[in-house]
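What you are looking at is a predicted structure, and each value in this text was computed from that prediction instead of being measured.
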Amino acid sequence: MLKNLICIVSGCLLAIVILHTVIRIIRHFHKFPIPEFLANLIDNPLRRRIQPPDEMPLRHGIQPGMTVLEVGPGNGRYTLAAARRVGAAGKVVAVDIEPKMIERVQRRVQAEGATNVEAKV
């Protein structure tokens, strides 16, 4: 029973690594943005546990009053954490080549009432 479970878990992990490798190889030769519908795969509970949004600005040395450029903001969770860190005197400019991602960021910014975030395509 334990051997079967280990085989299943190992197989799943191997499949994930292979899929990730294939995607990286494809993206090396053919540049394309992550589709908007995959944003939740990037911003998932596991990632938030490993990289808590409110700790990320501290890890990157973001200080109150700074202007921060975020490239590829996903759905904006980390963007808002940076915006809270820079405060009213600072600004966060989030850019993405996928317009639907920027729409997601703008919706989240409006819902949170942040006034120091500018999202652009």
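Residue Arg49 qualifies as open at atom CZ: its count of foreign heavy atoms under 6.0 Å is 12 or below.
In this structure a side-chain-to-backbone donor-acceptor pair under 3.5 Å is missing from Arg108 to Gly76. Arg48 places a side-chain N or O within donor-acceptor distance of the main-chain N or O of Asp43, the cut-off being under 3.5 Å.
Hydrophobic clustering (ILVMFWY, side-chain heavy atoms < 4.5 Å, transitive): Leu80 and Met66 are in one cluster. Cluster annotation: Ile62 is not connected to Val95 through the hydrophobic network of ILVMFWY side chains, with a link wherever side-chain heavy atoms come within less than 4.5 Å. Placement of Val22 and Leu14 within a single hydrophobic cluster is found when ILVMFWY residues are connected by side-chain heavy-atom separations under 4.5 Å, directly or transitively. Placement of Ile18 and Ile26 within a single hydrophobic cluster is found when ILVMFWY residues are connected by side-chain heavy-atom separations under 4.5 Å, directly or transitively. Taken together through direct or relayed side-chain contacts under 4.5 Å among Ile, Leu, Val, Met, Phe, Trp and Tyr, Val109 and Val92 form part of one hydrophobic cluster.
Once rounded to the nearest 0.5 Å, the distance linking CG of Leu58 with CE of Met56 reads 10.0 Å. Rounding to the nearest 0.5 angstrom, the gap separating the CG atom in Asn75 from the CD atom in Glu103 is 13.5 Å. In this structure, CG in Asn44 is found 10.0 Å from CZ in Arg77, a value given to the nearest 0.5 Å.
Side-chain atoms of Met101 and Pro73, non-hydrogen and from C-beta on, never get closer than 4.5 Å to each other.
Nearest heavy-atom pair, Ile102 versus Ala94, reported as atom, atom and distance to 0.1 Å: CD1-O, 3.9 Å.
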Indicate every side-chain donor-acceptor pair of residues 114-121 with a distance under 3.5 Å to a residue at least two apart or in another chain.
from, atom 1, to, atom 2, distance (Å)
Asn116, ND2, Ala83, O, 2.9
Asn116, ND2, Gly87, O, 2.8
Glu118, OE1, Lys91, NZ, 2.7
Glu118, OE2, Lys120, NZ, 3.0

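Partners of Arg47 by side-chain hydrogen bond (donor to acceptor under 3.5 Å, both in side chains), not counting sequence neighbours, listed by chain and number: Gln51.
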